[in-house]
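A short worksheet on the structure shown next.
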Amino acid sequence: MVQRRWKRKFPQENQSETIDLIDRPEEEASAHIAEQTSYGTPGEVELHPDKAQTSAVRIAPHVSTDFERRAVVGHRRFITAPAQHGRVDKIGQGCSSTCSTSDGSSPNEYAGRRAPGGTLVWLRHFDLRLHDNPALSHAASRPGPVHILFVWSPEEDRRSNWAISGTAAGLWLHSALSAYAEQTRRRYGIPVVFRSGPTMETVVKAAEEARVEEVVTSIAYEPGPANVEGEVDTALKAAGLQLRRFQSFLLCDIEKVRIDLGTWRGHFGTLTPFHNACQRQGEPAQPLPEPTHLSMPDKPLQGCSLADLGLAKLPVRKDGSVVRWDAPIYATWDISEKGALGVWRRFIGPGGGFSRYEESRNLASASALARISPYLRFGMLSPKKMYWEMKAAGGSFVSVTFWRRLVWRDLAYWQLLHFPQMQDKSIRSHYDGQEWNWDDQLLQRWQKGLTGYPLVDAGMRELWATGWMAQNVRMAAAVLLCEIMNISWVEGEKWFHHTLVDADLAINAMMWQNAGKSGLDQWNFTVHPARAGRGQDPDGCYTRRWCPELADLPNRYLHSPWEAPAAVLTQAGVKLGPNGNYPDRVVKDVQAAVKESFRVIRRQRAEHLEWNDSNGYDLIRLPRGSTVSHDGQKWRVFTRKEYRITDDAQAEVPDDIPQRVDVRYPAHQVQSRQHYAQGKGGGKGRGRGPRNRNENQVRHHNDNQEVLQEYMGKA
């Protein structure tokens, strides 16, 4: 029994209602909350991704990151979050283990089909869709009933040090599972059976209980789930059963990608040579349609409730009120396969973001962005479907940048495959031990969106409230943390893992490794946070939405309020500093801070010259299976010019630090794709503005683009 009250606010009427939850059972209290919110059914969800969805929950990093651990051991009270699309009778019970609909009617015309034997579909957390799901389609093609099982092991989740439970991604997964289960129930009359416990034992036991002939699943590429998959395979073979695995999460089979270093296509671990290797597999297969039917089992498996998996917990305060941190996320997203397909169709369709992506993708407001990353992360949208529909819509002719986003995604998982500890271990292992700033208060200012740099603060506050922010704002925030504040990239990765609804082990780790300069493709630019603000948010709407205390500042001073005259600050109601309503900058001299960061990295590299080649580049040991014929060798990886140590090891760090002002050029500056360098083909280390290039540079740039176009099916 719990004793608490929950207050519901009505913004339009400026009223609130206190709902009495005193002495109600846990499940009943959760269900009552779901019933009283607007997040009940798919047709009733009102989304406002382009409007302010500020969270009333104060950003308290230590409290938030420590809550899950304390809740598990009983030191914090909580209730399970209501699923966005879940019916009230499923909030406490997850998905029913029976097959009847709520009104007792037949689920569909195929509900009566039954056959002996059958198939167990082992549903994974990264494959929550009906369309283009090879494992599900294979089960539909076989004789006999189909059982769908989702297993979650809290112990295995916590063992990874990158747990999903208790994070924004955990909330997303919780609601995505509810939506998926409702889909299968309505369409096929088949329940999704939830079970909690050790994965290997639970899957094998379920297969034996159902007396199936085969278990099917989707291939995992994260180290933990991949290892468990191997254990399940071994155990099923011992039980006389077969595990059939299907590749559906990525575009290509990354386990077969081998980089040919005999021909120069770019540095190892960067995009172009990876393209060249992937194109040998040909184009991805055409996406599969949803199965028309699944045969219903005579006796469905029994399971626990969705709530029992413990994926999404809402804290209960001492006064009994519930911390509704889920509300702004639910108001921003439609967490369902239907929502994923709707977002994608709007983006790829006529007049959608795809046609405007090149000219508007740098904007912090994300007006031209797809907002599909969480749907891809949890397999609610097929990358193969995206590939073929992008190709039909013009592919790289329309937007070469978005055209290659899926390849970057594959590259991230290829890196994770070969560097399975890259979440917290430097790929350039000699960078471990680097001097970092461990000032916890400084880190918390970054986490809370109180750095004094408005664009970054706006992004961090949007992240806390909605679980998302645009890629370019993420980059500005990462550069500020790692290169300007000199705080370890691992700290940034941990916070993004905790707060992003699209938290992805591979992509998150690759981005933060590169931001921290220990990754294979260390960032070759510096983003000045104030200049980035002017470039990414020229009209100031985004910053004013998330930093309302600056709303009355004129655009001229919005991204650098410290430059505003005192009279302007007073008129705008802005007071800077500890006693004001907006903080001073965490670092005032960005140029000096960046130069010091350069020196720190050079000092670290100087202590490990055995990993430095004659031209000053870093060396790494090539992993087994990563190349055609160079596995195990020391090999050069791209190294930023300022970090290189040559014979003149005492050379000073140059004063002309390359700046990436707004990450990409604003729309009003874009003249043509031919006028500006696209990607790294024109040579890393140069600016991205217009320049005269010699014949060799042009040929090298064109070769890279040709590789890209061939891989993506254009040439």
Side-chain angles (χ1 to χ4, degrees), residues 39 42 45 47-50 53 55 81 83-86 123-133 162-180 183 218 221-222 225 248-250 311-312 325-348 353 361 366 368-383 385-386 402 405-406 408-410 412-413 459-460 462-474 493 495-511:
Y39 313 123
V45 179
L47 303 178
H48 303 283
D50 298 322
Q53 297 293 333
S55 175
Q84 184 184 53
H85 294 295
L123 184 67
R124 315 298 289 276
H125 67 277
F126 51 82
D127 210 21
L128 303 178
R129 65 177 183 269
L130 301 184
H131 77 276
D132 193 32
N133 190 320
W162 297 91
I164 295 178
S165 298
T167 67
L171 175 71
W172 184 287
L173 176 58
H174 176 76
S175 278
L177 284 167
S178 176
Y180 181 88
Q183 257 189 310
S218 298
Y221 293 102
E222 297 171 6
S248 63
F249 187 64
L250 302 173
L311 291 167
W325 62 268
D326 59 322
I329 293 178
Y330 284 166
T332 305
W333 303 94
D334 180 352
I335 307 176
S336 66
E337 183 176 355
K338 179 182 177 181
L341 293 172
V343 169
W344 173 244
R345 289 179 185 125
R346 287 190 293 274
F347 175 78
I348 199 67
R361 62 190 167 85
L369 300 191
R371 293 180 180 269
I372 59 171
S373 52
Y375 299 113
L376 278 171
R377 167 66 183 96
F378 291 102
M380 304 168 80
L381 182 63
S382 163
K385 178 182 178 66
M386 288 178 59
F402 193 84
R405 288 294 188 200
L406 292 176
W408 276 110
R409 181 170 176 263
D410 281 18
Y413 276 90
M460 299 304 289
E462 180 189 24
L463 171 63
W464 175 259
T466 70
W468 191 86
M469 62 174 157
Q471 174 68 13
N472 288 347
V473 184
R474 299 186 194 194
E493 184 190 11
W495 186 245
F496 271 32
H497 178 81
H498 183 68
T499 53
L500 281 170
V501 292
D502 63 4
D504 184 297
L505 285 184
I507 296 173
N508 206 24
M510 183 177 74
M511 186 197 98

Item to complete: Determine, stepwise, if the pair Y413 / F249 fulfils ring pair (Phe, Tyr, Trp, His ring centres under 6.0 Å).
Response: CA-CA 10 Å; Y413 276 90; F249 187 64; 5.3 Å; yes
Worksheet, complete the sentence: side-chain contact (heavy atoms from CB on, under 4.5 Å) filter on T499, not counting sequence neighbours, yields L463, W464, W495
Fill in: R474/D502 ion pair, N-O < 4.0 Å
yes
Worksheet item: Atom CD of Q183 and atom CZ of R129: how far apart are they, to the nearest 0.5 Å?
Response: 12.0 Å
Worksheet item: What are the two closest heavy atoms between A503 and H497, and how far apart are they?
Response: CB-O, 3.6 Å
Discussion item. I need the minimum non-hydrogen distance between W468 and S373, along with the two atoms involved.
Written reply: NE1-OG, 3.1 Å
Worksheet item: Which distance, rounded to the nearest 0.5 Å, do you find between the CZ of R377 and the CG of L173?
Response: 8.5 Å
Item to complete: Measure the NE2-CG distance between H131 and L381 for me, rounded to the nearest 0.5 Å.
Response: 5.0 Å
Practice prompt. Please confirm whether the backbone N or O of P383 pairs with a side-chain atom of R409, one donor and one acceptor, at under 3.5 Å?
Written response: no
Worksheet entry | Non-neighbouring partners of R405 that pass side-chain contact (heavy atoms from CB on, under 4.5 Å), sequence neighbours left out | Y357, T401, F402
Practice prompt. Quick one: closest heavy-atom pair of Y375 and S336, and the distance?
Written response: CE2-O, 3.9 Å
Worksheet item: Are M460 and M469 side-chain neighbours, meaning at least one heavy-atom pair lies under 4.5 Å?
Response: yes
Discussion item. Quick check for you: to the nearest 0.5 Å, what is the distance between M380 atom CE and D334 atom CG?
Written reply: 8.0 Å
Worksheet entry | Closest approach of Y330 to H174 (non-hydrogen atoms, all atoms of both residues) | OH-CD2, 4.4 Å
Fill in: Atom pair CD1 (I372) and CG (L406), whose distance is rounded to the nearest 0.5 Å
6.5 Å
Worksheet item: Of the non-hydrogen atoms in T167 and I164, which two are nearest, and what is the gap between them?
Response: OG1-O, 2.5 Å
Practice prompt. Quick one: closest heavy-atom pair of I335 and A179, and the distance?
Written response: O-CB, 3.5 Å
Worksheet item: Considering residues at least two apart in sequence or located in another chain, which fulfil the side-chain contact (heavy atoms from CB on, under 4.5 Å) criterion with V501?
Response: A168, W172, I329, W333, P374
Worksheet entry | D127 (side chain) donor-acceptor with G379 (main chain) under 3.5 angstrom | no
Discussion item. Rounded to the nearest 0.5 Å, what separates atom CD in E337 from atom CG in L128?
Written reply: 9.0 Å
